[in-house]
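Below you will find the structure I want to go over with you.
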Amino acid sequence: MRIFLRRLVWTSVFVGLILPIGIILLYRVFPPLATPLMLLRDTPMQYDFVELEDISPNLVKAVLVSEDQRFCDHTGFDWKQLEIVWEEMVHTGTASRGASTISMQTAKNLFLWPSRSKVRKVLEIPITLMLETLLPKRRILELYLNIAEFGDGIYGAEAAAQNHFNRKAKGLTRGQSARLAAVLPNPLSRNAARPSQNVQKRADKIQGAIKIAPASLWSCL
């Protein structure tokens, strides 16, 4: 019985700690071949990993402004945003926004399943801490921009740019970048190439936010 328990403990440590650390260290150099979401989706996969230099700065800024304005300042978790969401939950019973950072979304996309559950959110915490500890901010953002879903079966900036606008990610305009960022909260029901009124309104808001954003917003890149 002792041998069994010892093996169980070491197996748990390996699966829960050592294995993710090893995979994250590989991701410092090598791109992911696929993510759990890519494998779970029952659609053809469009995915082409590119370096951050090959992604338009317009898209980088649009995503930071819309998804995580404190990306360069936090260590994985935006406590200010979490406090706002908590206050909304206490007073209204619901939240008008999420509090997931780009680091948290990258952790989820790289290692976990897409459905909302308390178990997944709990697992997201240590993986996010590992990412922030083992990878520079620039690499975390590079990974996120390459594995984020921009449409049904469309993963990453390069596939999104080619699919929606017939151009490489490096050549995305401000307007195109804002529309791509606008679909991220719900890429299966929003379309960057044929934006609805709500998507275009959100894209216009993103462009406006970029114009007034301080340089510190992308200082870590």
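The figures here come from the full heavy-atom set of this structure, side chains too, leaving out hydrogens, waters and symmetry mates. All figures in this text were calculated on a predicted structure; none of them were measured in a lab.
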Going from CG on L134 to CD1 on I21, what distance comes out if it is rounded to the nearest 0.5 angstrom?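 Atom-to-atom, L134:CG and I21:CD1 are 6.0 Å apart.
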Residue list, salt bridge (Lys or Arg N to Asp or Glu O under 4.0 Å) with K137, at least two apart or on another chain: E132
With a 4.5 Å heavy-atom cut-off, do L217 and Q69 have their side chains touching?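 Counting from C-beta outward, L217 and Q69 do come under 4.5 Å.
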Spacing of CZ belonging to R138 relative to CD belonging to E53, to within rounding of 0.5 Å: 4.5 Å
Hydrophobic cluster membership, L19 vs L123, 4.5 Å side-chain cutoff: yes
Classify the side-chain pair Q46/Y155 by whether it contains a donor and acceptor separated by less than 3.5 Å.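 The answer is no; no qualifying pair exists.
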Residue list, side chain to side chain contact (heavy atoms under 4.5 Å, CB included) with R174, at least two apart or on another chain: N58, Q207
Does S196 reach the main-chain N or O of V199 with its side chain, forming a donor-acceptor pair under 3.5 Å? yes
Side-chain donor-acceptor distances from residues 183-191 under 3.5 Å, at least two apart:
from: N186; atom 1: OD1; to: S189; atom 2: OG; distance (Å): 3.2
from: N186; atom 1: ND2; to: S189; atom 2: OG; distance (Å): 3.0
from: R190; atom 1: NH1; to: A182; atom 2: O; distance (Å): 2.8
from: N191; atom 1: OD1; to: A193; atom 2: N; distance (Å): 2.8
from: N191; atom 1: OD1; to: R194; atom 2: N; distance (Å): 2.9

I'd like to know if the side chain of Q200 and the backbone of Q197 have a donor-acceptor N/O pair within less than 3.5 Å. no
Within this structure, what is the CG-OG1 distance for the pair D152 and T43, rounded to the nearest 0.5 Å? 4.0 Å
With a 4.5 Å cut-off on side-chain heavy atoms, are L40 and P114 touching?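 Yes, at least one pair of side-chain atoms sits under 4.5 Å.
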Test item: D68 side-chain N/O and I102 main-chain N/O as donor-acceptor pair under 3.5 Å: yes
Can you give me the closest heavy-atom contact between Y47 and N146, atom names plus distance? CE1-O, 3.2 Å
Separation between CD1 (I210) and NZ (K205), nearest 0.5 Å, reads 13.5 Å
Testing the basics here: between I127 and F111, what is the closest heavy-atom pair and its distance to 0.1 Å? CG2-CD1, 3.6 Å
Heavy-atom distance under 4.5 Å between the side chains of T101 and F71, does that happen here? no
Do E67 side-chain atoms and V63 backbone N/O form a donor-acceptor pair below 3.5 Å? no
Side chain S103, main chain G76, donor-acceptor under 3.5 Å: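 Not a single qualifying donor-acceptor pair exists.
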Looking at N163 and A159, would you say the former's side chain and the latter's main chain have a donor-acceptor pair under 3.5 Å?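 Side chain of N163 to backbone of A159, a donor-acceptor pair under 3.5 Å: no, none is there.
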Could you grab the distance from atom OH of Y27 to atom CG of L110, nearest 0.5 Å is fine? 5.5 Å
I need the minimum non-hydrogen distance between F77 and I125, along with the two atoms involved.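 Looking at all heavy atoms of both residues, the shortest contact is CZ-O, 3.6 Å.
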Where the side chain of E158 meets the backbone of A169, is there a donor-acceptor pair that is under 3.5 Å apart?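 A pair under 3.5 Å: yes.
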Donor-acceptor pair, distance only, cut-off 3.5 Å: does the side chain of R167 make one with the backbone of G171? yes
Starting at CD1 of I206, measure out to OG of S177 and round the result to the nearest 0.5 Å.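 So the gap between those two atoms works out to 10.0 Å.
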